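Notes follow the structure.
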Amino acid sequence: MRVFVAGATGAIGKQLVPRLVAAGHEVHGMTRSESKQAMLDELGAVPVVADALDPGQVAQAVARAEPEVIVHQLTALGAIDLRHFGRAFAPTNRLRTEGTDHLLSAGQAVGVRRFVAQSNGAFPYARTGGAVKGEEDPLDPAPAREMRAMVAAIRHLEEAVLGAGWTEGVVLRYGALYGPGTSLAPGQAQFELVREGKFPLVGGGVWSFIHTADAAEATVAAAEHGSRGVYNIVDDDPAPVAEWLPALAQMLGAQRPVPAPRLAAGEAGAVLMTEIRGASNAKAKRELGWRLAHPSWRQGFAP
Ligand SMILES: NC(=O)c1ccc[n+]([C@@H]2O[C@H](COP(=O)([O-])OP(=O)(O)OC[C@H]3O[C@@H](n4cnc5c(N)ncnc54)[C@H](OP(=O)(O)O)[C@@H]3O)[C@@H](O)[C@H]2O)c1
């Protein structure tokens, strides 16, 4: 297949492009930077320079590539500052709203038969009911103020992709990503906060993680044979913060984190540490034939 990857140079993109190429697909990888074309070339993709927020550039890039499948992996998160969560997500929200709309329009113009988009299964499920959510469970109907725009952007992306009747719209709700290229990796921001004991709010919020390599494997399967719908792309081991944070601190040789007042983490930080729910990967395993190399963060986090 000819596959157009928007976000080809990112944490997932860098793992995804070589896997698509190895599976025999012709990959066109999008970046804003002339300077990243060589990297894309090395990964095995045809480099395409375009800004995802410019509808004309996106339309031209997609028309030139004439893909059968588009994979949308556009985000702009960097290392998220939990105290300024709303501000940290603003550029990503634009990519999930305007960026999605531009890619869908461009894809419709060339008649792509499948459109696979990155969503999130780690943060936005409703904070009521069971600890581990399936794809049919509702997203948070009343998110915390700092998280409202993020959830709204995710809803926009999902509704636009699933509602595109002219293509097979596939939404991948990834868990909290860790591994190469993310801030949850040795030497990177979040791991270092844990190492320095500055990630101290221990609580009962349940996290579902996913290694970038496993996220990429699932994405290849979804691009090849995903059906219209939502798939949670998370590991087998959803765990409360009170379990994974001390375990990670121990792995990193840090002091055991102690509970801190909710205010210390900011509004969104408190929600993430004490209230969020995890997700189940049963559907993705069953329907995509996906097998994880890192079924649990317990092994995956280890340096
Ligand atoms: N579910 C999750 O937990 C989740 C999801 C996503 C990210 N993250 C975390 O966020 C960190 C890295 O993510 P990141 O958001 O900084 O992403 P990233 O890994 O740097 O990837 C972002 C991709 O989007 C592209 N992009 C962004 N804006 C664009 C634009 N206007 N036009 C065209 N392409 C654009 C970038 O391309 P160019 O820069 O080459 O133009 C790049 O390929 C990691 O810590 C990761 O764990 C977590």
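Please read all numbers here as calculations on a predicted model, not as lab measurements. Order of appearance sets the numbers: ligands from 1, and atoms from 1 within every ligand.
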Side-chain donor/acceptor of Ser280 to backbone N/O of Lys133, under 3.5 Å: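 Not at all, since once roles are kept as given, no pair shorter than 3.5 Å links the two residues.
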Exam field: side chain Arg127 to backbone Ala142, donor-acceptor pair closer than 3.5 Å: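 Answer holds: yes.
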If you have a sec, work out which protein heavy atom is nearest [atom] and how many Å separate them, to one decimal?
| atom | value |
| --- | --- |
| atom 3 (O) of ligand 1 | Leu177 N, 3.0 Å |
| atom 21 (O) of ligand 1 | Gly10 CA, 3.1 Å |
| atom 42 (C) of ligand 1 | Thr9 OG1, 3.3 Å |
| atom 24 (O) of ligand 1 | Thr75 O, 3.4 Å |
| atom 32 (N) of ligand 1 | Ala52 N, 2.8 Å |
| atom 46 (C) of ligand 1 | Thr182 CB, 3.7 Å |
| atom 12 (C) of ligand 1 | Gly181 O, 4.0 Å |
| atom 8 (N) of ligand 1 | Leu77 CD1, 3.5 Å |

Residue [X] vicinity, atoms of ligand 1 by number, heavy atom under 4.0 Å:
| X | answer |
| --- | --- |
| Ala11 | 18 (P), 19 (O) |
| Thr31 | 38 (P), 40 (O), 41 (O) |
| Ala50 | 32 (N), 33 (C) |
| Ala8 | 43 (O) |
| Met30 | 33 (C) |
| Asp51 | 30 (C), 31 (N), 32 (N) |
| Ala76 | 15 (O) |
| Ala176 | 3 (O) |

Mode of Arg32 contact toward ligand 1 - side chain, backbone, both, neither (heavy atoms, under 4.0 Å):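 For Arg32, backbone and side-chain atoms both sit under 4.0 Å from ligand 1.
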Leu184, portion touching ligand 1 at heavy-atom distance under 4.0 Å: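 The answer is neither; Leu184 stays 4.0 Å or more away.
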Side chains of [X] and [Y]: closer than 4.5 Å at any heavy-atom pair?
| X | Y | answer |
| --- | --- | --- |
| Phe191 | Leu248 | yes |
| Pro180 | His211 | yes |
| Phe4 | Val48 | yes |

Test item: side-chain donor near acceptor, Asn93 and His156, under 3.5 Å: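 Looking only at side-chain atoms, His156 and Asn93 do not form any donor-acceptor pair under 3.5 Å.
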Distance-only polar pair, side chains of Gln57 and His102, donor-acceptor under 3.5 Å: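 Judged by distance alone, the side chains do not pair up.
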Would you say [X] and ligand 1 have an N/O pair spaced under 3.5 Å apart?
| X | answer |
| --- | --- |
| Gly78 | yes |
| Ser183 | yes |
| Ser33 | no |
| Gln118 | no |

Close aromatic pair by centroid cut-off 6.0 Å: Trp297 and Trp244: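 No, they do not, as the ring centres are separated by 6.0 Å or more.
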Close aromatic pair by centroid cut-off 6.0 Å: Trp290 and Tyr231: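 Ring centroids of Trp290 and Tyr231 are no less than 6.0 Å from each other.
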Under 4.0 angstrom from ligand 1, any heavy atom of [X]?
| X | value |
| --- | --- |
| Ala6 | no |
| Lys14 | no |
| Gly175 | yes |
| Asn120 | yes |

Using the rule that two of Ile, Leu, Val, Met, Phe, Trp, Tyr join whenever any of their side-chain heavy atoms come within less than 4.5 Å, decide whether [X] and [Y] are in one cluster.
| X | Y | result |
| --- | --- | --- |
| Val202 | Leu193 | yes |
| Val69 | Val110 | no |
| Leu16 | Phe115 | no |

Worked verdict on Asp235 versus Tyr178 for side-chain hydrogen bond (donor to acceptor under 3.5 Å, both in side chains): CA-CA 11 Å; Asp235 77 5; Tyr178 71 93; 4.9 Å; no
Interatomic distance, Ile154 atom CD1 to Leu139 atom CG [nearest 0.5 angstrom]: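 Nearest 0.5 Å value for the CD1-CG distance: 7.5 Å.
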Single hit among Arg96, Arg173, Arg228 for salt bridge (Lys or Arg N to Asp or Glu O under 4.0 Å) with Glu158: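 Per the salt bridge (Lys or Arg N to Asp or Glu O under 4.0 Å) rule, the option paired with Glu158 is Arg173, out of Arg96, Arg173, Arg228.
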